[in-house]
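Taking it in order: structure first as structure tokens, then the write-up.
It should be emphasised that the depicted structure is a prediction, and the values quoted were computed from it without experimental measurement. Side-chain atoms are counted along with the backbone in the values below, which use heavy atoms only and exclude waters and symmetry mates. Quick note on labels: first sequence line is chain A, next is B, and so on, each numbered from 1.
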Amino acid sequence: MIAYAFRRFLSLIVSCFLISVLVFIVMHVIPGDPAQIMLGTEADPSTLAALRDQLGLDLPIYAQYGAWARGVLSGDLGESLRYHVPISKLIASRLAVTAPLAIIAILIAIVIGLPTGLYAATHRGKLGDYGVMALSQVGLSIPSFWLGILLMLAFSLGLHWLPAGGFVPWGKSFIGALQSLLLPAMALGLIRAAVVARLSRSSLLEVLGRDYVRTARGKGVHEMRVLWKHALRNSLIPIVTVLGMQFAALLAGAIIIENVFYLPGLGRLAFQAIGQRDLPLVQDIVVLIAVLVVGMNLIVDLAYALLDPRIRLE
Amino acid sequence: MFLVAVVLLLVGLSALSQGREGELTVALMAEPDGLNMLLTPAAASFQIVMYNINEPLLRYTADRKIEPLLATSYEVADRGDETYYTFHLREGVLFHNGAKFTAYDVKYTFDTLLDPNTASPNASLFSFVKEVDVIDPLTVRFVTEGVGAPLIGYLASAKGAGIIPQGLDMDALRTHPIGTGPFEFSEWSPGDHITLVKNDHYWQPGLPHLDKVICRFIPDQAASLAALRSGSVDLVDRMVGENALQIENDPSLKVISGPQNLVQILAMNDSRPPFDNVLVRRAICYAINRDEIIAATDLKAEWGSPVGSHMTPLSPYYVDLVGRYPHDPDKARALLAQAGYPHGFETTIYLPQPYQFHVRTGQIIADELRRVGIDCKLQVLEWGQWLDRVYKQWDYDMTVIAHDVSIEPAANFTKGFERVSDDGASTYYWQYANPYLRDLLTLGRNTNDFNERRTIYAMVQTLISDDAVMAWIQVPHQLEGMNARLMGYHILPLYVLDLGSIYWEGE
């Protein structure tokens with residue numbers, strides 16, 4: 001188990017290195033000069049040259065990568081070209097928005113998706129099952145930004161219950177922060193709830209057909225106990241896998257919903273940084289996301305062992 | 001069930017967090033890249049800093065007059081090859097850090113701006129300023145090369161003209177600006193908002209009215225409209241026409257509009273065939289129907305003004321040349337035939353993706369040009385790519401974009417019409433060079449006589465219009481959507497959000 005975790009950790013480092021090189025090359029190949037973007041249409045050539053020099057953009061590409069990599073390895077993420085503030089501070093303040101957003105969205109997905117999936121599985125072929133399947137089909141087909149706009153129309157503009165966007169910092173008002181995350185988290189979470197519901201239904205149905213479940217029932221074990229103790233635990237593996245990957249994807253992929261609700265999250269920061277060609281910031285965010293995605297997969301794999309002792313990680 | 005309970009709890013509590021007297025939340029489309037106007041050319045920075053945080057010696061009013069601000073009066077003295085502009089400064093003004101405002105701060109601001117080591121993107125406008133001298137703590141003298149006619153206008157409106165306290169670190173001022181203005185910088189949460197608070201020691205009694213202003217950056221127009229309607233912002237700056245139409249009939253909201261200092265153009269690469277032929281350029285000018293474009297982009301005829309030269313109708317030096325090229329497709333076809341293109345030609349318009357206003361304009365123009373036989377392809381470029389390809393490498397045929405234009409005419413022509421390489425070729429993206437025009441522009445800078453300047457800049461405008469350097473399209477009007485109870489807002493003839501005079505009705 002420890003050897004396995006170590007091997008996976010090594011591969012995480014190699015993946016991150018390759019990703020950082022790839023992003024670095026792509027950001028340099030695509031047209032667009034960070035200094036030119038900062039100066040816009042107002043600059044004359046001499047100012048542009050001075051700014052390029054100041055930002056270190058005239059150094060050879062390997063030297064620029066080297067400077068960045070040395071910084072990251074020694075724990076210094078560098079300074080944003082655009083904001084002139086340490087990137088570690090920027091990312092930390094954005095994670096304070098995006099991480100809770102992803103967590104609430106996943107919780108919504110679990111709290112709604114799992115029971116509905118279980119309900120559908122235990123009422124297979126009945127009206128309730130068809131209803132859940134139809135609803136989840138709708139959920140799968142709706143893009144989250146559209147659902148976000150619908151929720152905003154209903155709860156902010158119509159009922160004036162929740163803010164239409166923006167973010168109240170945690171330090172200022174805990175309730176305010178939760179309120180600003182609720183609608184975007186619902187937009188993300190409800191759609192994932194559909195995924196969880198379908199997956200848990202099919203997974204549970206498969207397990208319910210197994211011999212050991214029949215045996216348990218044959219022994220006269222109470223149906224609820226069969227479901228909870230025997231079936232559910234064994235059907236959780238694919239659900240945990242999907243949730244783990246979804247969580248990582250949410251951290252990186254809430255870009256659109258963050259734009260709809262103008263939340264100052266990591267996705268929007270990445271989006272702006274690419275538009276501004278804020279090279280060190282793009283590098284740092286991409287590597288961070290890579291670490292999160294690869295790390296999340298690792299955690300999911302390790303979680304298998306806990307759910308099913310028969311799985312041995314070699 | 002738990003979830004429902006949480007939702008209800010949060011909803012119930014939300015009613016308590018409402019209500020904010022003396023506070024204003026503004027939605028801005030773009031975020032500054034720094035708040036030290038000596039170091040950034042960004043309009044998004046200027047909009048927040050100018051007049052609000054950093055004050056210049058003079059200022060523009062809403063009715064386009066120049067008024068004293070940190071200077072109380074000035075005198076001009078002709079000294080042959082140079083001119084002395086002597087300013088008497090206001091007494092008893094304090095910076096936000098408590099330091100006293102004196103002539104030394106004025107000298108420090110302009111010395112730093114003009115220092116090549118600062119590499120300020122805003123220095124070139126002031127390149128004719130030879131030196132700034134302190135006469136006494138409340139008197140300062142600008143010495144200009146020649147007449148230096150644009151100085152007064154620039155001091156009221158140019159980026160970098162706001163006075164900063166002497167001796168402060170340039171980099172620190174990027175993220176924490178200090179000035180004498182009615183508002184003090186309080187907080188910047190990158191990507192989200194900037195907060196300004198009232199300057200309790202402001203030198204103008206009774207100003208500002210607001211205690212706190214939060215500038216939120218909401219690039220998405222649908223999101224800012226929703227925020228305005230739900231009350232989470234009070235004012236949406238530079239709204240698009242669709243949204244302004246939607247709130248016009250809402251009694252709790254209002255729209256204030258007026259022409260702004262921005263000219264939308266169809267630029268052509270004047271050195272690339274067939275645009276190097278003036279007949280082709282004129283044909284394109286005749287093919288364009290400005291009224292059709294205004295109707296489709298501004299949505300209301302009164303939300304856009306057609307223009308025919310590189311100036312804003314707000315300027316007293318503006319000459320109305322819209323009639324020089326009326327919409328006339330037959331004439332356009334005839335000119336094309338005369339230029340050797342009886343069946344038109346193929347070309348591409350490159351459009352900047354973040355500016356949907358220009359993208360839409362480009363689509364209409366492409367259609368209008370097709371009607372006279374010019375086969376226009378459209379290519380939409382991401383902003384970084386547009387800057388690289390069109391603006392920097394001049395690798396394009398045509399593009400639609402807007403330029404900031406100043407009331408002071410000299411500012412509008414320096415960059416695009418005066419800069420040339422050693423062999424006399426233009427180094428600007430529309431690639432137009434004309435030595436006679438450059439002589440006129442030099443004359444314009446070297447007289448302080450209003451009527452003489454007016455004549456010179458009328459000649460300048462007529463000349464570039466005759467040469468059809470580009471097709472000037474319109475001045476889109478600035479549309480400000482806001483809470484109906486918000487008073488004292490006025491549109492300035494420069495890209496600045498003047499917060500000092502805004503107040504809530506009944507407060």
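- Using a 4.5 Å heavy-atom cut-off against chain B, the contacting residues of residues 86-95 of chain A are A:Leu90, A:Arg94.
- For the pair B:Thr40/A:Met38, no side-chain contact is recorded, criterion being any heavy-atom separation below 4.5 Å from C-beta on.
- Counting only N and O atoms by type, the side chains of B:Ser120 and B:Thr118 include no donor and acceptor under 3.5 Å apart.
- Of the atoms belonging to A:Val85, it is side-chain heavy atoms, and not backbone ones, that fall under 4.5 Å from chain B.
- In this structure, the side-chain contact (heavy atoms from CB on, under 4.5 Å) partners of A:His28, at least two apart in sequence or on a different chain, are A:Phe24, A:Ile61, A:Gln64, A:Leu279.
- Residue pairs meeting the side-chain hydrogen bond (donor to acceptor under 3.5 Å, both in side chains) criterion with at least one partner in residues 100-109 of chain A, sequence neighbours excluded, do not occur; the list is empty.
- Between the CG atom in B:Leu387 and the OH atom in B:Tyr429 there is a gap of 10.5 Å [rounded to 0.5 Å].
- Residue B:Arg419 touches chain A through its side chain alone, counting heavy-atom pairs closer than 4.5 Å.
- Among the candidates B:Trp394, B:Phe417, B:Tyr391, the single residue satisfying the ring pair (Phe, Tyr, Trp, His ring centres under 6.0 Å) test with B:Tyr428 is B:Tyr391.
- Contact annotation for B:Pro32: only backbone heavy atoms (N, CA, C, O) come within less than 4.5 Å of a heavy atom of chain A.
- Defined by atom type and a distance below 3.5 Å, a donor-acceptor pair is missing between the side-chain atoms of B:Tyr350 and B:Gln385.
- No other option in A:Leu263, A:Leu159, A:Leu157, A:Leu48 has as many heavy-atom pairs under 4.5 Å with chain B as A:Leu157.
- Interface remark: B:Ala222 contributes no atoms to any contact with chain A (heavy atom separation under 4.5 Å).
- Most heavy-atom pairs under 4.5 Å with chain B, from the set A:Asp53, A:Ile30, A:Ile37, A:Leu153: that is A:Ile37.
- Contact of A:Gln272 with chain B is made through the side chain alone, with heavy-atom distances under 4.5 Å.
- Here the OG atom belonging to A:Ser144 is positioned 5.0 Å from the CD1 atom belonging to A:Ile191, to the nearest 0.5 angstrom.
- Interface summary for chain B: among A:Pro169, A:Pro264, A:Ala49, the most heavy-atom pairs under 4.5 angstrom belong to A:Pro264.
- Interface summary for chain B: among A:Gln54, A:Met152, A:Arg82, the most heavy-atom pairs under 4.5 angstrom belong to A:Arg82.
- Of the listed residues B:Arg216, B:Gln393, B:Lys392, the one with more heavy-atom pairs under 4.5 angstrom with chain A than any other is B:Lys392.
- Between A:Tyr83 and B:Glu31, the closest side-chain pair of non-hydrogen atoms falls below 4.5 Å.
- Ranked by heavy-atom pairs shorter than 4.5 Å toward chain A, the options B:Thr427, B:Asp192, B:Asp388, B:Asp33 are led by B:Asp33.
- No side-chain heavy atom of B:His176 sits under 4.5 Å from any side-chain heavy atom of B:Trp188.
- Residues that satisfy the side-chain contact (heavy atoms from CB on, under 4.5 Å) test with A:Asp76, not counting sequence neighbours, are A:Ser74.
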